[in-house]
Every structure is written in C-alpha cells, then in structure tokens.
2 protein chains.
Amino acid sequence: MPGANYFSGSFTHRIDGKGRVSIPARFRALLEEQGDSEMMVIPSYKDGVMEAFPRRVLEGIFERLEEKDPQSEEVEDLATYLFGGANTLSFDKDGRVVLSPELQEAIGVTDQVVFMGRADRFYLLSPERSREVLEAARIRSREKHRGALARSRRAPQVQVTSLPDEDA
Amino acid sequence: MPGANYFSGSFTHRIDGKGRVSIPARFRALLEEQGDSEMMVIPSYKDGVMEAFPRRVLEGIFERLEEKDPQSEEVEDLATYLFGGANTLSFDKDGRVVLSPELQEAIGVTDQVVFMGRADRFYLLSPERSREVLEAARIRSREKHRGALARSRRAPQVQVTSLPDEDA
DNA sequence: CGGGATCACACGGGAATACGTGGTCTCTCA
DNA sequence: TGAGAGACCACGTATTCCCGTGTGATCCCG
C-alpha cells in the first residue's frame, strides 16, 4: 500500500500475559514510514480512550501552536499535557508494544485492545468502547453533516445525487 | 472506455469460499487510475449498503472539511466515522478483494454482491437491496426531477434508467 | 453478414507467505 | 537474586500469490 497517508480501519488484537500487543501491520508500516519504531500515547479528552501518534505528528501539533502564540497560557498547558502525559511506546522486532498496567487500566482493557484509525492518529480502546465511539460518531455525523459525504468535489450533473436519503 | 470518470452500471459478482469477489473490470480500471490497487469501504447512511471509494476521494472529503474548521466537533466525529469505520480492501493481482464475514453480514450477502456505480463512488449491496435502492431512487427522481433527463441534451437516457445488470 | 478464432474477464483451488500470538532465554538493574 | 525488559524462536491461521479453466464478448476475415 504505497503512500497511505492516514490511519484507517479498526483492528482488535489480543494482549498476552506480559501485556504485549501486536500493532496492526498497516499502522506499523505507516509509523515506520514516518521515522521511528515507536508511537506516542496520550490520554484523549474522550473517556476511556488513548490517542496514539507518530512522534512527528505530536511535535507538529505543538510547534504549530507555539508559533502562533508562544507564551500563552493555553500553549503552556498544552505542552505540559502533551509532553508530560505522553508515553513513548517503542515496538520490538515483531512489531509489538507493551501496554503497562496503568495504560490498560486507563482504557479498561484486560485481554483485547482495539486500534481505531482516525486520520493522522489512532485510538486505543476497549472493544465495547470502540463500538460506542463509532456509533456515536456515526449518528452525530449523520445528523449534522447529512450530505457531507454526498457533497463531493465533482458533483455529477444529471444523476441521482440530490435525492433525499432513503433508508427510513 | 478510456477516461471514464465515474462509476456507472451495476454488476453482480460471485463470492467464493474464501470470501473473494472480483471487482468489475471497469471499476478496477478507474480505481487504479486514481492511484493504488485498493478501495475504501464504509457503511453508508443507507441501511444494508456499503460505500466504496478510491482512497483519495475519501481523504479529499476529510481534508476539505478539516481546512474549513479544524477543531469543530463535527469534523472530529466525521473523522472518527470515516476513518474508524473504514475498511481498506486492497485487491490482488487478479483484481479481487476479500469481504470479511462482518462485511458480508453488514450488507446481508452470502454468495453474491452487487457493485452499483454512483458517480465518484459505488455501492456494495445485496441483489435484493440493489433493486430496492434503484427503484426507490427512480421513483423519487421522477417526482422531483421530472424532466431532468429530458432537458439535458447529452444525457443518455439509457444509462440512468435502464439498469438491469450490465453483465449477464 | 456470418462464423470461427482470439481475447478479456470472472471464478476456483493449491501453494507460498505474512501476520498475530505464545513461549523461552538472556541481560540488566535494583 | 528476583523482576522486568527485550531479543529470539516457533507455530497456526489467514491472507496473498499464482496458475488453470470456462464462458462470454470482440475481432477478423472470408
């Protein structure tokens, strides 16, 4: 898969007795493409969810904010949050990372984790939580953005596009 | 048909014991033209329907929205829905993808799938559902867009209206 | 205009490979 | 010396490759 730019898809993997999990091969490839054999993990503002980034992405987020407003309190807090709360998980030759007991507890997992792609990052969460998150996002997207998917760049002329959604 | 820009037509293909299906040659050609040997599949708002895109189209949808309003909750949700709910199906040298059992269940298929072109994307659904969707669209088209086809000089009527399968 | 040869494409199956998963062994550091 | 981390290995299943076959479509030439 040459040049996949984003993390996408959901993958459920097993945690072994030592707390190890395989990173989905596709995610791993993307991470390695971006540099190192590691990922940064910080707690999401969403409950029971951790966010994982390639280091560069995390640093990029910070740098962009800092440029805009170097000394603001907001940036201060963010820096503390990002770097203080971050965990660097480097993966071994087999492409696995170790989830510490604290990490596991934070997302309420014991023997399975879900890796859920989310554009330039991905989530780590429990299977149950993943269903909730996905379903909530789907419903809210549908309400607020009805047609967002339909409104594509090259709007077809004649065809069925502007039809009201059916399902019902 | 060199340079066809849109997915059009309906094709019913068989799912083999391993869950593989051949992508209609025309669709495949269009997909490869747009980049890689893969397609992104996400659940449609329509019930029992999956939507398939070239990856770039999906990414484009996201990027356009993100530019407009990077941190809004709506964009957050959409990103989660799009990327978390997506499946990347890359096709093999023979132009086939595998539909996971979950995918098959989501659209209620067991041994046959319909690929239904829809402009810049296409649908995956069961034969029965495809008839429903098509017929519903046809009827609503007629009500709301009465004359649309007649008015457009170049629009080939056949393409949109006919539509029993193009293949056998 | 017809009828045979050729080609493209959908489909099936066996073989090779990738990937997730479990275990062991060693090295390190307290 | 014991606990934990990391490297290394081993295995089974699932995915991908690769080749073969049939059938329908297309082309070609009489």
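As a basis for the values below, the full set of heavy atoms in this structure was taken, side chains included, without hydrogen atoms, waters or symmetry mates. A, B, ... follow the sequence lines: proteins, then strands. Residue 1 opens every chain. What you see is a predicted model; the values in this text were computed from it and never measured.
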How many Å lie between [atom1] on [X] and [atom2] on [N], as a whole number?
{"X": "A:D16", "N": "C:dT24", "atom1": "CG", "atom2": "P", "value": "12 Å"}
{"X": "B:D111", "N": "C:dG12", "atom1": "CG", "atom2": "C1'", "value": "15 Å"}
{"X": "B:H13", "N": "D:dG24", "atom1": "NE2", "atom2": "C1'", "value": "12 Å"}
{"X": "B:F11", "N": "C:dC11", "atom1": "CZ", "atom2": "P", "value": "12 Å"}
{"X": "A:L89", "N": "D:dG4", "atom1": "CG", "atom2": "P", "value": "18 Å"}
{"X": "A:F91", "N": "C:dC19", "atom1": "CZ", "atom2": "P", "value": "13 Å"}
{"X": "B:K93", "N": "C:dA16", "atom1": "NZ", "atom2": "P", "value": "17 Å"}

Query raised in the report: Sub-3.5 Å donor-acceptor pair from the side chain of A:D94 to the main-chain atoms of A:R96, do we have one?
Result: no

Query raised in the report: Of B:R96 and A:D92, whose nearest nucleotide on DNA chain D comes first from the 5' end?
Result: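 The residue whose closest nucleotide sits nearer the 5' end is A:D92.
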
Report summary line: Which of C:dG22, C:dC11, D:dT16 is nearest the side chain of B:R14? It is C:dC11

Query raised in the report: Out of C:dG20, C:dA10, D:dT16, which nucleotide sits closest to the side chain of B:V98?
Result: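 So the side chain of B:V98 is nearest to D:dT16.
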
Please evaluate the base of [N] for a donor-acceptor partner in the side chain of [X] within a cut-off of under 3.5 Å?
{"X": "B:R20", "N": "C:dG13", "value": "yes"}
{"X": "A:K18", "N": "D:dG6", "value": "yes"}
{"X": "A:D94", "N": "C:dC19", "value": "no"}

Query - Non-hydrogen atoms of B:F91 and B:R28 that approach each other most closely - result: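 In terms of heavy atoms, the two residues are closest at CE1-CG, 3.7 Å.
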
Query raised in the report: Under the salt bridge (Lys or Arg N to Asp or Glu O under 4.0 Å) rule, what pairs show up with a residue in residues 100-119 of chain A, not counting sequence neighbours?
Result: A:R118-B:E76

Requested in this report: Indicate, with a heavy-atom threshold strictly under 4.0 Å, whether B:I23 touches base, sugar-phosphate, or nothing.
Outcome: sugar-phosphate

Query raised in the report: When the aromatic ring centroids of B:Y123 and B:F115 are compared, is their separation below 6.0 Å?
Result: no

Query - Under 3.5 Å side-chain donor-acceptor pair for B:E51 and B:S44 - result: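 Yes, side-chain donor-acceptor contact under 3.5 Å.
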
